Amino acid sequence: MTPTSLATPQVPVTTAVPELSSAAVALAERFGLPFCTTEQAHALDFVLLLGFDGLELVWQHQPHKQKLHPLQLSFTHGKQAWRQQLGGGKQEAVVRAVGVAKGYRPKVLDATAGLGRDGMMLAHAGCTVALLERQPAVYALLRYAVEQAQQDERIGAWVTERVTVLPFGSLLAEGSLRADIVEWAPEAIYLDPMFPERGKTAAVKKDMQMLQQLVGADSDADGLLPAALALASYRVVVKRPASAPYLAGQKPTSQVVTKKHRFDLYIKKAYGSANTTSSSV
Ligand SMILES: C[S@@+](CC[C@H](N)C(=O)[O-])C[C@H]1O[C@@H](n2cnc3c(N)ncnc32)[C@H](O)[C@@H]1O
């Protein structure tokens, strides 16, 4: 299979548990995805499997050397739960890059939401966050996990108040900015498109490998920068691997640098100011 993010393969919802059949059909319908029976699912590369433990993305026909476990996304259990409850908060580089350290809590569009880790960090730090994802199966995992988190007694209150999962799709619909997103009026836009070389390092996390297989390289990512700059009122932040070229070849205003990544900041104006500025934060 040659994955590409531009053709978005349809991944159906299925279940191996007869008692969950009607729940799986309802979930598929609510999320705008097809449903299929286990027999129909056999031949497919990817399925979204609903079980008693939740929804998971299963890569069924992996090459011999690959051994990727099903991908289940949760903000209330496992690694991500730890991050949300005890994690760095304001210290996280993504949070500093978006500008929360200045004491402002911007309204952020995470326009390449993926597995929602960065978006949830921003919401945890106090930002109002809209998550936008175009790959329908990734969107399904993300929406399912956010809905679960909204019902959680420890983190449900802030997740409900600050996090919205937008209907799946892109900031750009047929060359124009999507109307519902223009109306949402983000102050900052965060971009973290898939970068091709990520898959070549051994350090790539397993869940990201799975995502990469499904989504491929976001080869149209350069087009997101001018669109984001037109829409964000204050700044656009782009996450890149440390050695990657600038998105769309455009030099940022300033940067937040970590060991593996770089956050390129494109600042239109300082938070709270009415004037456009090109100075650094
Ligand atoms: C590297 S992942 C993002 C990871 C995310 N920052 C996180 O913390 O989990 C990139 C994601 O962006 C999505 N994507 C790429 N281009 C997009 C676009 N134009 N609109 C919406 N989603 C997009 C891809 O489908 C993929 O799921």
Side-chain angles (χ1 to χ4, degrees), residues 1-63 66-78 80 110-117 119-120 130-152 156 159-160 163-171 173-174 178 180-181 194 206-216 218:
M1 188 173 92
T2 319
T4 156
S5 59
L6 299 177
T8 49
Q10 280 287 0
V11 177
V13 178
T14 189
T15 183
V17 185
E19 301 95 289
L20 292 179
S21 271
S22 44
V25 171
L27 187 96
E29 207 172 286
R30 210 157 59 81
F31 285 14
L33 294 169
F35 169 82
C36 77
T37 62
T38 31
E39 291 75 30
Q40 292 166 328
H42 263 329
L44 303 172
D45 272 327
F46 287 97
V47 289
L48 284 160
L49 186 67
L50 184 68
F52 287 122
D53 288 341
L55 188 68
E56 56 188 23
L57 178 67
V58 186
W59 182 9
Q60 305 199 103
H61 306 291
Q62 302 186 29
Q66 292 273 26
K67 280 202 181 77
L68 294 182
H69 293 299
L71 171 56
Q72 193 174 50
L73 186 58
S74 173
F75 300 115
T76 55
H77 296 89
Q80 292 308 311
D110 180 351
T112 55
L115 301 178
R117 290 172 296 208
M120 287 292 279
L131 300 171
L132 179 67
E133 169 57 48
R134 71 174 166 189
Q135 211 302 324
V138 180
Y139 157 83
L141 288 178
L142 182 64
R143 183 167 159 193
Y144 189 88
V146 169
E147 287 181 359
Q148 298 288 105
Q150 285 170 338
Q151 286 159 30
D152 185 80
V159 177
T160 305
V163 183
T164 307
V165 181
L166 295 171
F168 71 78
S170 175
L171 178 56
E174 290 167 11
R178 216 171 88 173
D180 59 330
I181 301 174
M194 202 71 90
K206 294 268 183 206
D207 51 2
M208 203 43 89
Q209 285 180 32
M210 182 85 128
L211 201 67
Q212 209 161 37
Q213 186 60 34
L214 182 68
V215 169
D218 291 319

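Quick caveat: nothing in here was measured; it's all calculated off a predicted structure. Side chains are part of it too, since the values below use all heavy atoms of this structure and drop only hydrogens, waters and symmetry mates.
Looking only at distances, a side-chain donor or acceptor of D218 sits under 3.5 Å from a matching main-chain atom of M194. Side chain of E133 to backbone of F168: no donor-acceptor contact under 3.5 angstrom is found. Between the side chain of T164 and the backbone N or O of L166 there is no donor-acceptor pair closer than 3.5 Å.
Nearest heavy atom pair, residue L44 against residue C36, reads CD1-SG, 4.2 Å. Considering all non-hydrogen atoms of both residues, V58 and P70 come closest at CG2-CB, 4.1 Å. In plain terms, the two heavy atoms of R178 and A173 that are nearest each other are CG-CB, 4.3 Å.
Listed by chain and number, the residues in a side chain to side chain contact (heavy atoms under 4.5 Å, CB included) with T38 are T14, A16 (sequence neighbours excluded). Residues passing the ring pair (Phe, Tyr, Trp, His ring centres under 6.0 Å) test with F31, sequence neighbours excluded: none. Applying the side chain to side chain contact (heavy atoms under 4.5 Å, CB included) rule to P63 yields the partners W59, Q66; only residues at least two apart in sequence or on another chain are considered.
Proximity of L33 to V11: side-chain heavy atoms (C-beta onward) are nowhere separated by under 4.5 Å. Residues Q213 and L68 fail the side-chain proximity criterion, which asks for heavy atoms closer than 4.5 Å. Between F46 and L57, the closest side-chain pair of non-hydrogen atoms falls below 4.5 Å. Counting only heavy atoms from C-beta outward, the side chains of L71 and L214 never approach each other to under 4.5 Å.
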| Hey, mind stepping through D152 and V159 against side chain to side chain contact (heavy atoms under 4.5 Å, CB included) and telling me if it holds? | CA-CA 9 Å; D152 185 80; V159 177; over 6 Å; no
| request: Please report the C-alpha distance between V165 and Q150 in whole Å, then the side-chain angles of each, then the deciding distance to 0.1 Å, and finally whether the side chain to side chain contact (heavy atoms under 4.5 Å, CB included) criterion is met. | output: CA-CA 12 Å; V165 181; Q150 285 170 338; over 6 Å; no
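Applying the salt bridge (charged side-chain N to carboxylate O under 4.0 Å, His left out) test to residues at least two apart or on different chains, none of the pairs has a partner in residues 14-28. Counting only residues at least two apart or in different chains, salt bridge (charged side-chain N to carboxylate O under 4.0 Å, His left out) contacts with residues 21-34 comprise R30-E147.
Around NE2 of H61, the count of heavy atoms belonging to other residues, nucleotides or ligands within 6.0 Å exceeds 12.
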Check residues 47-54 and write down every donor-acceptor pair under 3.5 Å in which the side-chain atom is one partner and the other belongs to a residue at least two apart or another chain.
none

